[in-house]
Each structure stands twice: as structure tokens, then as C-alpha cells.
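Comments concern the structure below.
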Amino acid sequence: MKLSKLFLFTTKEFPKDAEIISDKYLRKSNLLVKSHSGFFYYSPLLTRSLHKIRAIIDKEMERAGAQEVLMPILMKKELWEESGRWDNYINAKIMFHLRNRKDVEMCLGPTHEEAFTDFVRRFITSYKQLPIILYQQNTKFRDEIRPRFGLMRTSEFIMKDAYSFDYNQAGLDAAYQTMRAAYKRIFDTIGLHYIIVQADSGAIGGSGSEEFMVTADSGEDTILYCDDCDYAANVEKAESLLDTVIYEETGTAIQKLHTPDIKSVEELVEFTKIPNNQMIKTIIFKMIYEDREKFVAVLMRGDLEINEIKLQNLYDCLEVKKASEEEVVTLTKAQVGFAGPFNLNPEIELIGDHSIKSVKYFLCGLNTTDYHYINVCFGRDIAMPKTYELKLAREHDLCPRCGKQRLKQKMGIEVGHIFKLGTKYSEKMNALILDEAGNKVPMKMGCYGIGTSRIISAAIEQHHDDKGIIWPIAIAPYHITIIPTIDKPGVIIDKAEEIYNKLNDNGFEVLFDDRGVSFGFKMKDAELIGIPYIVVFGKKTVDGLCELTIRKTNQTIEMGIDKLQDFLRDSLNK
RNA sequence: CGGGGUAUAGCGUAGUCCGGCUAUCGCGCCUGCUUUGGGAGCAGGAGGUCGCAGGUUCAAAUCCUGCUACCCCGACCA
């Protein structure tokens, strides 16, 4: 491709509203152009990179035995009501939906479990027809509350989603492992550094799930991991062990303490000099179900935070919200900051985190404004409520698997997520088969997603320098760009074009910068758009020499023009 | 959804507080000449419903009211 013909319009200035480096470079180069909030135009170069990512995924899906299909983007409400997710997604306000002229309500697919399950159940009736894995790479829509970070979080994006169907757990486990291995090959081929972490399965549902996280400071997800034993988890899911705290057996009796307008744990520590791990805070939550609401008070050791996702999973509700100030006042008859396990409104269920079990002689609220109890003991002063794992794991906590090493923290970009769905959809949608014994059983499903378009951002977050993008070879839009230093008719331009034609004819992916702009301009562009090999034809062309710069290392090699093709072939085949 | 902010040429902006001449500057664009090893120089030129609608005024980019879009923080979210 000649650059004089290429639809490429780089700028000198960074876009004003870009926050992360991938978005800055993508939009400075206009490889990516914002249409409106959450929606983008992809330029020709970026589209080439996208196709390369798609092709790598296709190849590995084929190898893993998955078959490509296409599902409708617009789906009927009825299909989503079968799985029970219509209300879920509408309630969460993350789904675009509309009506056609006949007033049939439809949604723009945010994910396709329902469609694939419907497709498969029409034809699969026997265990003998299984296993099956189907996938598509299609446009998805999510009405993001706040699209941001360029291609990282958009309302319209391209995703690869695969679905496996089996008749027993062993089959599902095997499909899951097959896809997991395929994912590793995909991200290795593209050239991304990633961590596989345990994850919460969120609105998709199901049992086990793991996420593939591209590590980058700009990532939106927090990962906790152990260097010793391979434990790694999304903070949403992560567990941890706490250091043992020794509480002195003072035998001191429970006592009511006047704490005027002192509400937060920090203020109480300041006021009472009692350490925060000897306090128990009470947070009131509102669990929202389809048809009802329920209030729950959670007791948590004062130095720890509550993981609301764990809470939501425990109660299996649509949404968990902190109770509003008005609700707290109405329910506890006290100002916010004085809730506690004592004198609690019986409408509120009381539970605790495991961390409260060992705390003795602690401070807590009693639902009376401006007062707290001190020296409270479970068993002596009040019964211990049921406890669950509800705390937010932190960096420096002990690893829950090996118990020895401290957890470390990194930020990650979620580029892949694999789930064992089990029978969540097949049961509700009546996707049944006959097993060996002649019983009708729901199919065991798995689902496996890759953020095809998000990989572009993730790759640039990991591969760039102060000049621009450094595309990994596997997804570079072109591999080589040839730059003549002078555009006037003469030896330089003739030779450069001759080599360009030769490389092109021999199957190389090569650009030729034949624009009538200065040398510096061409170099800046080549670096910004991240072409792996830059070949300059200058004064020494008459001596049969050219210069090759390797974008990644910034290393420049002078070589005979006759040696160039072999050198490039060797380099690209590595 | 709450808080904060922005909207002037393709892009980035000055002017807005304190209303007043032909709306500023840079990049980009067009023509010509000179240039070409790190985003070229000179000369000339085109390009604007000042986000939209209404109001106040002799006079509105500027003041008032309403609306819309976009951005940031939070909440929220595969």
C-alpha cells in the first residue's frame, strides 16, 4: 500500500480527552476516531490489526474443535425471558432495547447464551451428538453507564464468544480445559503478558470461572496473586488469610460509652484509642430481588472492608445496595454511624464475616445515637451471628492457598473470561437430551469470551514507547514501511519503489511512504503507527545500501539492498 | 444517578468575569515558488448558524432561562 493512497490522517497533537496511552496514540494517529460516547470508527490500518486478531482466534478455535457460526444481534424479549435475564439486564440498565413496527420488543445482544442454547436445543436430542462447541465473533452492545478509556470500555464492541455443550461434568471439564489451552495459545501468539485469575462469574452465572488478565497499570481490575504457589484471583473473588490478633483476657465488663457525633472507625480510634481491629462495624445493606427487598446488617472487623460481590452471591439477589441514610435512620432509630448488633430491628437479618469470630472486648454500636458499647464479648454479652467469608482481600494479606506468602497486587485488563455454566441456561430453556440411561437431562454448558476489540487497547498498553505504538508482529497492520528520503525523481525514489514492488510481489506486508512530505514527518508517522520494520532509502542508495530500523529495539542496521529481503524474511519468521 | 466542568473553523484554542469596531492565534487545508537525514520556509488565499431554542438590550460569543452533547470524579457495571 502506498501511503499517498492510504486513508491515514495523523496529527501532531494528542487528543484532549484521552486518559490512557493506548487511547492517546490511537486517536493521535486517527487509527481510531470517536463517533460519539462509547462508539468508534476504525480506520483501515486498525481494521487490518483487528482482522489479524480475529484470524488468530479463528485458527485456535478451529484447532480446539469449535465451529464458527453467526447469531442475530437483535434478539426477541421472549428468548431472554426464558432464561430469566430480561428483567435482570433491564433492571441493571446495561442493555439496549427497542421495539419494531409491530411492537415486538427486542434487545441488542450484550451476550449470546440464550441464542446459542436455542440454536442447539432445536437439533441436539441425544448424548451421542455431544460434545459440541460453537462460537462467533460478533458485535455486542452494552449500554455502559460510563464508557471510557478508548477501546477498553465501549458500548459497542467485538467479542468472540464460544459455548460448549456436554452431557456430563467430565465432558464440561474437558471442554473447559480445551478452551483454556486455546486461550493460552491465542494470547501467546498475539504476544501479550497475562495472568489467569479466579473470577466472579457475575451476571453470566455458573460455577467456576477464570479471567485472562493482561497486566497493565491502566487496567480496571485489581488482581491479587501469590509468588510462591500460583494463587491468583480478581479482588472481586479473592480470599485471604489474616494475621492472628491476640486479644488480652481482661475480663472487663461491657460498658456504654458516650461518643458524641463520633461515627467512623477512624474517628472512634482517635477518640477511644482502641485499635480498629478491636472494633466491629455494622453496615446495613439492602438486597434487591425481582419482587421484594430485604435488609441485612453485616458485622465486619473494623480494619476490614466488605466485598459486596460476595454478599450479592450469598443472597443471590439482583443487586446489593448500601442502605440509604433515611433507611438506616428509620430502621435503626439512630443516626448513621451508630448501628450495631444490639437492639437491632428484627426486620433486619444479622450476619457477620469470619473475621469477627476471634475478636474479644470489642467496640460496637447499639443503635442509639452518640453511644457505643465497649468491652463486648460474643457469647457473654450477645450471641455470635452466622458468619461467612465476606471481607475484601487486600495486598499483604496471607495467601489463602499456601498460607505462607503475602499476596501482591497488580492491575489487569480483562481480555478473556471462561465459565462453567453448568445447567443454568439449559434447565431454564429446556435444552434437554437423553443420556445413556434414557433419562432426560439438561445439557452441561460452558461459555468462553474474548474481547476481540479490547485486545487492541491491551496490546498497546503493553507495547509502546514515547514515540508511539509498537505493534507485536502478529497483529501489526503491516510489517514493513519503506521511506525514501527524497521524493524528487531520481535513484533514491526509483530504487525504493523497485524494492517496495519486489517485497509486495513476494508476499510481504509492506507500506511505501511516497508522500511529498519531509523525512522527519515520515519517520514520526512510521513510529507513531508502530510498523515493526522501517527501511530508509537515502543518499547511500547509490552505493547499494539502505537502513533498517527495528521499531521495538530502536536499533538501526545499515545493509546492502540486495540483503534486505532475506533479512526481513528471517526476522519475520522468527 | 449524584457532584464538578466544557461547548468558538477539520483539530487545539484566545475572547466570556466587566455586552460595543471586520471574533484571536497555532496546526491542518488551497495556490505559487523554494525545500526534503527527524513533524520545512516565504508569499498569497479559503474556511465561522460562537452547541440548540427562547429572553433581556440600541447592541449578545459575552447577561438570563430552558434544552442537548461531551469530559472528569464517584456510585454502578461480563
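Residue numbers begin at 1 in each chain, while the letters A, B, ... track the order of the sequences.
Within the nucleic acid shown, Glu547(A) comes within 4.0 Å of at least one base atom, counting heavy atoms only. Within the 4.0 angstrom heavy-atom criterion, no nucleotide atom of any strand lies near Lys93(A). Residue contacts for Ser37(A): at a heavy-atom cut-off of 4.0 Å it reaches the sugar-phosphate backbone alone, with no base atom in range. Ile486(A) comes within 4.0 angstrom of the backbone, heavy atoms only, and of no base. Among the atoms of the strands shown, base atoms are found under 4.0 Å from some heavy atom of Lys28(A). Heavy atoms of Phe157(A) sit under 4.0 angstrom from at least one base atom. Counting non-hydrogen atoms under 4.0 angstrom, Lys524(A) reaches a base of the nucleic acid.
Side-chain proximity of Lys34(A) to the nucleotides C70(B), U6(B), G39(B) is greatest for C70(B). The side chain of Asp487(A) approaches U36(B) more closely than any other nucleotide in the set C1(B), U36(B), G12(B). The listed nucleotides are U13(B), C70(B), A75(B); the one nearest the side chain of Ile145(A) is A75(B). Here the nucleotide nearest the side chain of Lys539(A), chosen from C72(B), G37(B), C76(B), is G37(B). For Leu528(A), counting side-chain heavy atoms from C-beta on, the closest listed nucleotide (G37(B), G38(B), G39(B)) is G39(B). The side chain of Glu527(A) sits closest to G38(B) out of U6(B), C1(B), G38(B). You'll find that the side chain of Ser518(A) is closest to G39(B), out of G39(B), C1(B), C70(B). Proximity note for Glu144(A) (side chain, C-beta onward) versus G74(B), C77(B), G39(B): the nearest is C77(B). The side chain of Phe519(A) has G37(B) as its nearest neighbour among C76(B), G37(B), C73(B).
Inspection of the Tyr500(A) and Asp514(A) side chains reveals no N or O donor paired with an N or O acceptor under 3.5 Å.
Residue Thr10(A) is the one, among Thr10(A) and Glu319(A), whose nearest nucleotide of RNA chain B lies closer to the 5' end (criterion: closest heavy atom). Comparing Arg146(A) and Lys467(A) against RNA chain B, the residue whose closest nucleotide sits nearer the 5' end is Lys467(A).
C29(B): Watson-Crick or G-U partner is G45(B), with both key distances under 3.5 Å. In this entry G37(B) has no Watson-Crick or G-U wobble partner, no candidate having both defining distances under 3.5 Å. Under the Watson-Crick or G-U wobble criterion, with both distances below 3.5 Å, C70(B) is paired with G5(B). With a cut-off of 3.5 Å on both Watson-Crick or G-U wobble distances, the partner of U56(B) is given as none.
Straight-line distance from the CD atom of Glu220(A) to the P atom of C73(B): 10 Å, rounded to whole Å. Atoms CG (Asp525(A)) and P (A40(B)) sit 11 Å apart, rounded to a whole Å. Protein atom CD of Glu325(A) is 17 Å distant from nucleotide atom P of G2(B), rounded to whole Å. Taking atom CG on Asp143(A) and atom C1' on C76(B), their separation rounds to 12 Å, with Å as the unit. Distance CG (Asp514(A)) to C1' (U36(B)): 15 Å, rounded to an integer number of Å. A straight line from CZ of Arg515(A) to P of C29(B) spans 11 Å, rounded to a whole angstrom. One interatomic measurement links the two molecules: CZ of Arg85(A) to P of C77(B), which rounds to 16 Å at whole-angstrom precision. Atom pair Phe40(A):CZ and C70(B):P shows a separation of 12 Å (rounding to whole Å applied).
For Asp58(A) and Lys160(A), the salt-bridge test fails: no basic side-chain N is under 4.0 Å from an acidic carboxylate O. Salt bridge absent: Glu13(A) and Lys24(A) never bring a charged side-chain N and a carboxylate O closer than 4.0 Å.
When the side-chain nitrogen and oxygen atoms of Arg148(A) are compared with OP1 and OP2 of C73(B), one or more of them lie within a distance under 4.0 Å. Distances shown here put a side-chain N or O of Lys16(A) below 4.0 Å from the OP1 or OP2 atom of U13(B).
Only one option out of Lys444(A), Arg180(A), Lys420(A) pairs with Asp173(A) in a salt bridge (charged side-chain N to carboxylate O under 4.0 Å, His left out); it is Lys420(A).
Nucleotides G51(B) and A40(B) are separated by 37 Å at their C1' atoms, to the nearest Å. Taking atom P on both C64(B) and C17(B), the two are 9 Å apart, rounded to the nearest angstrom. Annotation: G47(B) and U22(B) have their C1' atoms spaced 16 Å apart (nearest Å). Rounded to the nearest Å, the gap between the P atom of C52(B) and that of A61(B) is 11 Å. Look at the P atom in both U57(B) and A43(B): the space between them is 48 Å, to the nearest Å. The same atom, C1', is picked in U65(B) and in C30(B); the two are 43 Å apart, to the nearest Å. Remark: the separation of the C1' atoms in C70(B) and U31(B) is 37 Å, to the nearest Å. When the P atom is compared between G15(B) and U8(B), the two are found 14 Å apart, to the nearest whole Å.
Classification of the Tyr89(A)-Trp80(A) ring pair by plane angle, with boundaries at 30° and 60°, yields perpendicular.
Within the 4.5 Å cutoff, side-chain heavy atoms of Lys467(A) are placed close to those of Arg551(A).
Seen from the ring of Phe537(A), Lys495(A) does not count as a face-on cation partner, given the 6.0 Å and 45° thresholds. Remark: Arg153(A) fails to qualify as a cation-pi partner of Phe149(A) under the 6.0 Å distance and 45° angle criteria applied to the six-membered ring.
For C77(B), its base sits under 3.5 Å from the side chain of Arg153(A) at one donor and acceptor pair at least.
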Candidate pair Arg85(A) and Glu114(A), rule salt bridge (Lys or Arg N to Asp or Glu O under 4.0 Å), full reasoning: CA-CA 9 Å; Arg85(A) 286 206 298 180; Glu114(A) 286 82 357; 2.8 Å; yes

